[in-house]
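Beneath this line is the structure, given in C-alpha cells, with notes to follow.
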Amino acid sequence: MKIIRTLVLFAFMFSVMAVFTQQTLAAEPLSATQALKVRIDAIINVLKTPEFKGDEKKEVRRQKIRDIVMHGFDFGRMAQSSLGRYWRNRTPEEKQAFTGRFQSLIENAYISKLETYTNEKVVYLNEQRKTKKDREYAKVQTHVITVDGTQIPIAYMMYRQGKDPWLVFDINIEGVSMVNNYRSQFGEFLDQKSFSELLKDIDAKNSST
C-alpha cells in the first residue's frame with residue numbers, strides 16, 4: 001500500500017511542472033514558491049478541462065502534460081545525477097541517449113498516474129534560498145493533503161540562473177529523494193551489467209507503458 005501511495009505521490013509531483021507564459025516571466029521575477037503555485041494551477045486546469053477528459057482524449061491530454069513536464073524539469077541535470085559516478089566515463093553520444101531515455105522513463109512512469117488526481121490540496125510551508133556563484137537555489141517545503149486528510153511532506157529542490165525560470169532538479173517525498181532513488185537502482189544495475197544493457201532495460205520499461 002505504501003509503495004502504491006508513493007507512486008501516486010511521485011505522479012502528483014508533476015502537477016507543479018506547468019510552463020510559464022512569456023508574459024508572466026516578463027512581468028516580474030517569481031519566487032520559487034510562487035512559481036510552483038502558478039504551475040500547479042496550470043496543470044490542474046488541464047486535468048479539469050472538459051475537452052481533455054475521457055479515454056478518447058487521453059493522448060491529447062497526456063501530450064499537454066508531457067509538454068508541461070518537459071519545461072518544468074532540468075532533465076539533463078537529473079539524468080547526470082541519477083547516473084552518479086557512471087556518468088563521467090560515458091561518451092557524449094551515450095550521455096545524450098541516456099538523458100532522452102531517462103526523461104521518457106519519468107514521463108511514462110508517472111504521467112498516467114496524474115489521472116488519479118482527486119482534488120488533493122497543496123499547502124506551501126516555507127522556502128529556503130541561497131545563492132551559489134551565478135545561480136539561485138531554493139528548497140520549497142509543502143504538504144499534500146489527500147482527500148482523507150493525510151498530510152504528506154514534499155520538498156521541491158529548484159534553481160534558476162539569472163532571469164531564467166525556476167527548474168526542479170530533485171523532489172523529496174517523505175524524505176526520499178527521487179534522484180537518489182534512481183541513482184541507487186542504476187548503480188546496482190551497472191555493478192552487474194553493461195551500460196548498453198541499461199539502455200535496453202529502460203527502453204523495455206518505456207515501451208511497456
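Under the rule for a side chain to side chain contact (heavy atoms under 4.5 Å, CB included), the partners of N180 that lie at least two apart in sequence or sit in another chain are S177, R183. Among residues two or more places apart in sequence or in another chain, the side chain to side chain contact (heavy atoms under 4.5 Å, CB included) test is passed with L125 by V123, Q141, H143. Residues meeting the side-chain hydrogen bond (donor to acceptor under 3.5 Å, both in side chains) test with N172, sequence neighbours left out: none. A search for side-chain hydrogen bond (donor to acceptor under 3.5 Å, both in side chains) contacts involving S196 returns S194, not counting sequence neighbours. Partners of E94 under the salt bridge (Lys or Arg N to Asp or Glu O under 4.0 Å) rule, at least two apart in sequence or in another chain, are R90.
Under the 4.5 Å side-chain heavy-atom criterion for grouping Ile, Leu, Val, Met, Phe, Trp and Tyr, I145 is not connected to I171 through any hydrophobic cluster.
A donor-acceptor contact shorter than 3.5 Å links the side chain of W166 to the backbone of L30. Within the 3.5 Å criterion, the main-chain N or O of Q96 finds no donor-acceptor partner in the side chain of T99. Between the side chain of Q63 and the backbone N or O of V60, no donor-acceptor pair lies under 3.5 Å. Counting only distance, with no hydrogens or angles, the side chain of T150 and the backbone of T146 share no donor-acceptor pair below 3.5 Å. Of the possible polar contacts, none joining the S184 side chain to the N181 backbone as a donor-acceptor pair under 3.5 Å is found. Between the R101 side chain and the A97 main chain, a donor and an acceptor come within less than 3.5 Å of each other.
S31 and Q34 get closest at one heavy-atom pair: N-OE1, 2.8 Å. For A138 against R129, the heavy-atom pair with the smallest separation is CB-CG, 3.8 Å. Nearest heavy-atom pair, R135 versus R77, reported as atom, atom and distance to 0.1 Å: NH1-NH1, 3.4 Å.
In this structure, CG on D74 lies 15.5 Å from CZ on R160, to the nearest 0.5 angstrom.
Remark: K64 NZ is loosely packed, at most 12 non-hydrogen atoms of other residues, nucleotides or ligands lying under 6.0 Å away.
Looking at D170 and Y156, their side chains never bring a donor and an acceptor atom within 3.5 Å of each other. A donor atom on one side chain and an acceptor atom on the other are found under 3.5 Å apart for T33 and E127.
Within the structure, salt bridge (charged side-chain N to carboxylate O under 4.0 Å, His left out) contacts touching residues 187-198 (residues at least two apart or in different chains) are R85-D191.
Ring planes of F186 and F98: perpendicular class, angle over 60° (limits at 30 and 60°).
Checked against the 6.0 Å centroid threshold, F169 and F75 do not count as a close aromatic pair.
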